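These numbers come from the heavy atoms of this one structure, side chains and all, not from hydrogens, waters or symmetry mates. Computed from a predicted structure; not experimentally measured.
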Amino acid sequence: MRVADFLFPRDLEVHPSGIEKVLVVGSCMAETFVKQFAALSPETRYDHVLFNNVGDLPADPPGPLADYAYQLVHLPYRGVFHDGFLDHARFAQQEHRLALITDAVQRLDLMLDGALDYNRRTGLLTFVSNFIVPQNHLAPSLSAHFTDLDVVHLTELMNHRIAARIAGLPNVYVLDVDAIANSLGKRYFFDDFIYFFNHGGIFFTDWHAQDNNPWWTHPAPGRIETLPPVADYYESRLDEFFEAAHRNAEALYRTARQIDQVKIVIFDLDDTLWRGQIAEHYLPGNNWPHTDGWPLGHWDAVHQLRSRGILTSICSKNDAETVEKYWDHAVRPPIIKLEHFTAPKINWRPKAENIAEILAEVGLTAKSAVFVDDNPVERAAVKEAFPEIRVIGSNPFLIKRILTWSPETQIPVLTDESARREEMVRQQIGREQERATQSRETFLNSLGSELRFIEVTDVGQAEFSRCLELLNKTNQFNTTGRRWSPAEIAEHLAAGKRMFCFSVKDRFSDYGIVGVALTGQSDIVQFVMSCRVLGMDVELAAIGALVRVMRAAQYEKGVTGQIIETDANRPCRDLFQRCGFALRETEAGLFHLGDSVEPAAAPHIAVV
């Protein structure tokens, strides 16, 4: 298995990434990234901006910033660890060493600050490559390893500083080339065992030609012995390193843009979460199957998914009482509990029926779900019932890596709403159960709902991360289905257009920010809302508040909204009609609310 596929699995990928144009900022090593990436992805255009020092970044790149899917920033290693670090005798002197280290930190900070100028201006999605740590200790003694006398240790600290400096910056993430190098093996491409350590570059298998043929580049004395090819003693996997770095950038882009994002993983039990059948192999007095190996990894994956705001559930043909009774026999140590799973279905009904109920209860569609089952017949039956669901499970040695390392199960930022998703979905299920016992009017009036309306004026605003998450993950209640990059939203705001979000709470839960609206002068460009508040008339209250704000700024035109039908947005296709808008253009899906027409109200919701 190639390291690119090992570290960044494609098993959950459905749609192509669609990366058309990329900007690479950095020195000569960055130029190599451009050449290698272009060969790997000829349909993508790669532009290079040379950046060696703080003042090198031009005011404008080769193309408009809004055209780039992302930029890759690769700071020159030698620009931080300059040649003064090579004088080991002086470096051993504490005063000189501390001065060099202080200077290196300042250089790093200044270069990073300069290289992020395009991101600050437009919110351009940015990946900052860290440094490849030298592959053996560079210190005067064993006792000096992992101290400030060891350049390996200092490089690791610089990598931590890069991560710390960009933490919290909007739309900036680390591309961890050092982790790729560690997984592949630095010995297969890194040049620090031939070159001086602070070159931070790569070796080539034709280097021996310089010595065997003195006229290859520059005249030099001939050698007594002919050098054998470099590849005879140093195997090169340079292509695999760049392939993995390219895939890492693509994976980061997919996560940042939330392409094919997974929102729920539904597990089978027998031979999936544990070895064997719980009703046969885990009875008292039996010699229970081992739990070491992949079962422990699957339990770890459950918690990793939950920590990212991804729901986990169970769909198992089993007796529910037996599973509950013997759960602790099968799960040893008790890392996961049955209560860690949302809306579990343990019965003898067809799994497709149970999965339909699970998805309905949590308010998700099959395209957001992954089903994990060891039985190929069950996987095929579920896939037939839900063509958009993703199914895995044939090989237990692959499952944890797929579920935890795939870009589709990563999230760019853990928002408060994401962190509380499991809790809120459970509260949503309780709300729906109570709804079924009352009339709609009585139930809605009993909720005590409150909607808080907020304008977002900048991509650095606290609410922006959640807004971006909603715009790029919401499928069902999404009036156009369009996905946005931060740079595109920054451009939208710079053009004098506006962006709003709203949060909702009731007596069951504080749902956090559940909706976003992008507007022009007199048109609602896009309206998205989380399905967890569907059926509460929240959209009526939100559109009403939006119309009032828009009318306060622009009286003479009325308000226009558009519905662009997608495969998934059926729940919102009548949004504007229900809010009192009149259909203006059927083919374009345009609706209009005149100045004299009041939008439909939701009197049971207090708008703040």
Side-chain angles (χ1 to χ4, degrees), residues 64-68 70-71 113 116-126 166-173 256-258 412-418 450-474 477-480 482-505 510-530 533 538-539 541-562 599 606-608:
L65 286 170
D67 289 353
Y68 294 108
Y70 67 86
Q71 70 168 338
D113 185 62
L116 293 180
D117 180 60
Y118 297 151
N119 168 267
R120 280 193 301 274
R121 284 160 48 187
T122 67
L124 175 62
L125 177 61
T126 300
I166 69 175
L169 295 180
N171 228 31
V172 186
Y173 309 100
R257 293 301 299 268
Q258 301 177 312
V413 177
L414 183 64
T415 62
D416 178 63
E417 289 79 6
S418 297
E450 179 180 291
L451 182 146
R452 182 168 176 249
F453 202 66
I454 307 161
E455 181 165 9
V456 180
T457 59
D458 185 82
V459 295
Q461 192 167 320
E463 294 84 2
F464 179 77
S465 292
R466 173 59 176 165
C467 292
L468 189 66
E469 180 180 51
L470 281 168
L471 284 167
N472 289 333
K473 288 181 73 171
T474 304
F477 214 92
N478 187 329
T479 56
T480 70
R482 178 179 173 180
R483 304 313 194 193
W484 293 74
S485 70
E488 290 169 332
I489 294 176
E491 189 176 24
H492 173 90
L493 297 174
K497 300 175 183 180
R498 304 172 79 179
M499 180 177 184
F500 301 89
C501 67
F502 54 91
S503 61
V504 172
K505 64 180 180 180
D510 183 342
Y511 303 98
I513 296 173
V514 294
V516 182
L518 291 158
T519 69
Q521 285 294 316
S522 59
D523 59 312
I524 299 172
V525 176
Q526 187 170 3
F527 183 93
V528 303
M529 188 178 76
S530 169
V533 292
V538 168
E539 62 273 23
I543 291 289
L546 191 62
V547 167
R548 287 192 292 273
V549 171
M550 294 175 70
R551 281 178 171 171
Q554 187 86 10
Y555 277 103
E556 68 274 11
K557 289 187 178 179
V559 177
T560 301
Q562 184 179 26
V607 178
V608 180

Task: Trace of the side chain to side chain contact (heavy atoms under 4.5 Å, CB included) decision for Lys497 with Thr519 - done: CA-CA 6 Å; Lys497 300 175 183 180; Thr519 69; 5.8 Å; no

Within the structure provided, determine whether [X] and [Y] are in side-chain contact (heavy-atom separation under 4.5 Å).
X	Y	answer
Glu450	Val608	yes
Arg483	Arg257	yes
Val514	Ser503	no
Tyr511	Ser530	no
Glu417	Ile513	yes
Leu124	Asn171	no
Leu468	Val516	no
Met550	Ile524	yes

Taking the side chain from [X] and the backbone from [Y], do they hold a donor-acceptor pair closer than 3.5 Å?
X	Y	result
Arg482	Val525	no
Ser485	Glu488	yes
Asp523	Gly561	no
Ser418	Leu414	no

What's the separation between atom [atom1] in [X] and atom [atom2] in [Y], rounded to the nearest 0.5 Å?
X	Y	atom1	atom2	answer
Cys467	Asn472	SG	CG	11.0 Å
Thr122	Leu493	OG1	CG	12.0 Å
Asn119	Leu125	CG	CG	8.5 Å

Which pair of heavy atoms, one from [X] and one from [Y], lies closest together, and at what distance?
X	Y	result
Gln258	Pro412	NE2-CD, 4.1 Å
Gly460	Pro170	CA-CG, 4.4 Å
Gly123	Pro486	O-CB, 3.3 Å
Gln562	Thr479	O-CB, 3.6 Å
Pro599	Gly544	CG-CA, 4.0 Å

TODO: Show your working on side chain to side chain contact (heavy atoms under 4.5 Å, CB included) between Ile166 and Leu116 and close with a plain yes or no.
DONE: CA-CA 9 Å; Ile166 69 175; Leu116 293 180; 4.3 Å; yes

Task: Stepwise side chain to side chain contact (heavy atoms under 4.5 Å, CB included) test for Arg498 and Val549 - done: CA-CA 11 Å; Arg498 304 172 79 179; Val549 171; 3.7 Å; yes

Open item on the list: Aromatic contact between Phe502 and Phe527, with the criterion being ring centroids under 6.0 Å apart: yes or no?
Closed with: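 Yes, they do, as the ring centres are separated by less than 6.0 Å.
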
TODO: Determine which pairs satisfy side-chain hydrogen bond (donor to acceptor under 3.5 Å, both in side chains) with at least one residue from residues 458-468, sequence neighbours left out, and list them in order.
DONE: Thr457-Gln461, Gln461-Glu463, Arg466-Glu469

Task: side chain to side chain contact (heavy atoms under 4.5 Å, CB included) between Leu451 and Val538, intermediate numbers included - done: CA-CA 8 Å; Leu451 182 146; Val538 168; 3.9 Å; yes

Task: More than 12 heavy atoms from other groups under 6.0 Å of NZ on Lys505 - done: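 At most 12 heavy atoms, drawn from other residues, nucleotides or ligands, come within 6.0 Å of this atom.
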
- [ ] Might you confirm whether atom CD of Glu491 has over 12 heavy atoms from other residues, nucleotides or ligands at distances under 6.0 Å?
- [x]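 Open: at most 12 neighbouring heavy atoms sit under 6.0 Å from CD of Glu491.
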
Task: Any donor-acceptor N or O pair under 3.5 Å, side chains Gln71, Thr126 - done: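 A pair is found: one side chain offers a donor N or O, the other an acceptor, under 3.5 Å apart.
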
TODO: Would you check if there is a donor-acceptor pair between the side chains of Asn478 and Gln526 at a distance under 3.5 Å?
DONE: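 Asn478 and Gln526 do have a side-chain donor-acceptor pair below 3.5 Å.
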
- [ ] Using a strict cut-off of less than 4.0 Å between a Lys/Arg side-chain nitrogen and an Asp/Glu carboxylate oxygen, indicate whether Asp510 and Arg452 qualify as a salt bridge.
- [x]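 Salt bridge between Asp510 and Arg452, a charged N being under 4.0 Å from a carboxylate O: no.
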
TODO: Kindly write out the residues that satisfy ring pair (Phe, Tyr, Trp, His ring centres under 6.0 Å) with Phe453, not counting sequence neighbours, or none if the list is empty.
DONE: Phe500

